[in-house]
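We count residues from 1, following the sequence as given.
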Amino acid sequence: MPVQPAAVNAVQPRRSIQPLPDELISQIAAGEVVERPASVVRELIDNALDAGAREVVVRLAGGGVRLVAVEDDGCGIPRHELPLALQRHATSKIRDLAELEAVATMGFRGEALAAIASVAELTLTSRSADAADGCAWALQTSSGELRPAARPPGTTVEVRELFFRTPARRKFLKSEATELAHCVEAVRRHALARPDVGFAVWHEGRLLHRWPAAQALTPELAWQRRVADALGEEFLTATLPVEAAAGPLRLRGRIVRPDAAGGRGERQFAYVNGRFVRDRVIAHAVRCAYDDVLHGQRQPSYVLWLELDPRTVDVNVHPTKIEVRFRDSGAVHQAVQHALEAALARPRAGVALSAPRASAIGPAAAAAQDPAQPPRAATATAYPRTWDTTRYAAAPALALTAREPLPRWAGWPDEPARPAASDPAGGAAALERTLPSPAAAQTTPLADADWPLGRALAQLHGVYILAENAHGLVLVDMHAAHERILYEKLKAHLAAHGNAPLPSQPLLLPASFAATPLERATAEDCADVLRHLGLEVTPLSAQTLAVRSVPALLAQAEPVTLARAVLAELHEHGGAQVLKRAQHELLATMACHGAVRAHRRLTLEEMNALLRQMEATERSDQCNHGRPTWRQLTLQELDALFLRGR
């Protein structure tokens with residue numbers, strides 16, 4: 001007959017208040033600190049690093065359930081302190097509240113060894129560097145016996161049969177392969193934080209991983225070497241370097257290129273003063289930085305090392321020390337977001353892929369380049385925001401024929417002028433043209449032009465631009481590229497003019513459309529917001545709306561399509577709050593509808609102008625939705641397609 005659970009509200013006989021037994025207290029603590037074998041690995045490596053180890057070896061058996069042994073070459077523990085090391089809350093790392101509030105070590109609670117010893121067989125063997133007797137001593141927790149042992153200076157902690165004293169806990173462990181994977185990941189996290197320390201992982205007598213300590217390398221090269229060893233060379237080549245400083249806060253690391261981001265949140269490593277953490281502030285700052293460049297549900301990979309004053313971060317938040325609390329979380333969020341945005345803003349399209357030339361880049365800039373990235377042919381200043389458009393040339397002996405007049409974009413010389421809106425800032429003239437004018441184009445040999453995206457050759461199906469550069473063939477999605485250019489110009493205008501209204505351009509004839517009740521209500525409620533964005537949408541009748549002006553930058557956009565898309569965004573994001581909560585999303589929608597459409601025939605001059613603008617525009621490697629705007633096919637890749645040289 002099954003046992004019936006006691007009623008929740010049943011009156012229980014009163015029990016007297018009594019202190020818990022020490023063994024039960026330790027097992028409760030173990031439940032907080034030791035979740036699985038990987039928890040033991042983490043705690044023991046923390047102690048090894050605090051002891052000044054330069055080599056750490058982790059030996060496992062049964063996925064870490066039967067054995068976890070961590071050996072180090074640190075300072076060791078004197079013989080008379082070995083019994084103290086196993087007592088609860090006994091530590092050499094803090095002495096008072098002041099030191100607790102400015103923790104500078106990996107461990108500090110003094111409970112890890114005691115907690116582990118309460119749920120497993122633990123043997124502690126150590127020899128201090130200045131031991132008078134010149135030998136090591138081993139302490140076994142089950143017997144309390146202290147006996148001589150042989151080992152060089154340093155410490156070995158062996159943990160056998162984890163949770164044998166609490167079999168119920170052992171049933172919650174996963175398979176041997178799963179537990180082993182968690183143990184290896186715990187070592188990897190430490191390895192990424194300390195490139196100056198060598199790490200090795202053995203399982204059942206077989207070497208699984210080895211990450212050697214950096215030898216005779218600069219700090220920057222040491223970090224890169226460790227990232228490549230721990231995460232693979234492909235991770236290094238798929239990421240961008242980040243380095244920034246804001247007062248006492250320093251940030252360095254590597255973040256994935258948007259086009260290389262994956263579908264799952266893997267390989268996300270954040271460190272605060274050398275400690276691996278899962279922190280919502282940092283994670284949210286990273287996501288905000290990628291808002292404009294990630295496609296769909298893709299997640300960024302990153303390794304970020306954050307250093308700040310220990311007094312401004314509380315690590316005593318969680319028993320496993322994996323969470324922290326910042327005194328000024330807003331400053332941390334802002335620093336991380338701005339640093340990542342700056343790294344992502346530099347377009348690869350604005351960096352030549354050939355070897356650097358002496359005239360294009362100085363020794364200091366060349367030395368600062370990221371060796372994992374293709375070498376640059378020019379510094380960022382070689383591509384100023386105000387682009388010199390007179391350098392590009394149309395390809396000789398190559399022309400596009402069209403059966404109808406080629407359409408032109410807003411602001412081109414042969415386009416009929418439209419009346420400009422009355423604007424104290426100068427109206428449309430106050431903004432840069434959508435694309436540079438090709439009127440003054442001159443022929444420049446390709447070899448003499450530092451154009452990463454090369455020279456336009458032709459259009460493919462009215463969708464892609466084919467261009468030739470020094471490395472081979474460049475393919476550009478013209479709509480995606482133009483969309484990003486417009487989007488960045490809209491954002492730049494709002495930022496430069498203190499959120500002033502976008503210059504608008506009246507239509508010669510209003511564009512009317514049959515509006516839904518929802519569209520009519522949104523146009524009435526959000527009239528001020530629409531005018532701020534350069535759109536004027538007014539009622540023409542009870543069921544009709546009229547578009548009377550559009551943003552000057554989007555003068556060639558189809559006005560009805562643009563207006564309906566903006567009205568839909570305004571309704572979704574809450575009307576009057578759109579400029580605070582979803583301004584960039586709205587501008588992205590406007591840019592999408594204002595960009596040159598697919599199947600639109602362009603001249604070579606127009607194609608070249610678009611390429612030059614891409615090279616000068618931030619984040620131009622991705623469109624507003626995170627899709628890539630261009631791809632490079634090298635001559636080697638083209639040769640391989642045709643089996644040349646085989």
### Task
Walk me through it: do V550 and L535 pass the test side chain to side chain contact (heavy atoms under 4.5 Å, CB included)?
CA-CA 5 Å; V550 295; L535 272 168; 4.1 Å; yes
Beyond-backbone contact of [X] with [Y], side-chain heavy atoms, under 4.5 angstrom:
{"X": "R612", "Y": "L453", "value": "yes"}
{"X": "I255", "Y": "P300", "value": "no"}
{"X": "L518", "Y": "L567", "value": "no"}
{"X": "P559", "Y": "R548", "value": "no"}
{"X": "V303", "Y": "W223", "value": "no"}
{"X": "Y302", "Y": "L340", "value": "no"}
{"X": "T629", "Y": "E483", "value": "no"}
{"X": "V537", "Y": "V566", "value": "no"}

For [X], is the [atom1] atom crowded, meaning more than 12 foreign heavy atoms sit under 6.0 Å from it?
{"X": "E524", "atom1": "CD", "answer": "no"}
{"X": "Y464", "atom1": "OH", "answer": "no"}
{"X": "L643", "atom1": "CG", "answer": "yes"}

### Summary
Only residue of Q224, R257, R254 satisfying side chain to side chain donor-acceptor pair (under 3.5 Å) with T239 is R254
Report yes or no: does [X] contribute a side-chain atom to a donor-acceptor pair with the main-chain N or O of [Y] at less than 3.5 Å?
{"X": "Q459", "Y": "L602", "result": "yes"}
{"X": "N608", "Y": "A456", "result": "yes"}
{"X": "R298", "Y": "P258", "result": "no"}
{"X": "R619", "Y": "L344", "result": "no"}

Measure the spacing between [atom1] of [X] and [atom2] of [Y] and express it to the nearest 0.5 Å.
{"X": "L466", "Y": "L460", "atom1": "CG", "atom2": "CG", "value": "5.5 Å"}
{"X": "Q622", "Y": "W630", "atom1": "CD", "atom2": "CH2", "value": "10.0 Å"}
{"X": "L231", "Y": "F269", "atom1": "CG", "atom2": "CZ", "value": "5.0 Å"}
{"X": "S504", "Y": "H532", "atom1": "OG", "atom2": "NE2", "value": "12.0 Å"}
{"X": "K489", "Y": "L502", "atom1": "NZ", "atom2": "CG", "value": "13.0 Å"}
{"X": "L486", "Y": "K491", "atom1": "CG", "atom2": "NZ", "value": "12.5 Å"}

### Message
Using side chain to side chain contact (heavy atoms under 4.5 Å, CB included), reason through L545 and V560 one step at a time and then give a plain yes or no.
### Response
CA-CA 9 Å; L545 291 176; V560 172; over 6 Å; no
Write down the atom of [X], the atom of [Y], and the distance for their closest heavy-atom approach.
{"X": "A563", "Y": "V547", "value": "CB-CG2, 3.6 Å"}
{"X": "M614", "Y": "A481", "value": "SD-CB, 3.4 Å"}
{"X": "A335", "Y": "L249", "value": "CB-CD2, 3.9 Å"}
{"X": "R564", "Y": "A514", "value": "NH2-O, 3.6 Å"}
{"X": "A343", "Y": "P241", "value": "CB-O, 3.9 Å"}
{"X": "W305", "Y": "L192", "value": "NE1-O, 3.1 Å"}

### Query
Should the ring pair H333 and H284 be called parallel, tilted or perpendicular, given that the plane angle runs from 0 to 90° and is split at 30 and 60?
tilted
### Task
Decide, yes or no, whether a salt bridge links E233 with R225 under the criterion of side-chain N to carboxylate O below 4.0 Å.
yes
### Query
Is it true that D259 and R631 have a side-chain N and a carboxylate O under 4.0 angstrom from each other?
yes
### Query
What do the steps show when you test E243 against R250 for side chain to side chain contact (heavy atoms under 4.5 Å, CB included), and what is the final call?
CA-CA 8 Å; E243 187 160 2; R250 291 194 60 205; 3.5 Å; yes
### Message
Let's go through H482 and R600 carefully: what are the C-alpha distance in whole Å and the side-chain angles of both, what is the deciding distance for side chain to side chain contact (heavy atoms under 4.5 Å, CB included) to 0.1 Å, and is it a yes or a no?
### Response
CA-CA 13 Å; H482 192 208; R600 187 171 182 177; over 6 Å; no
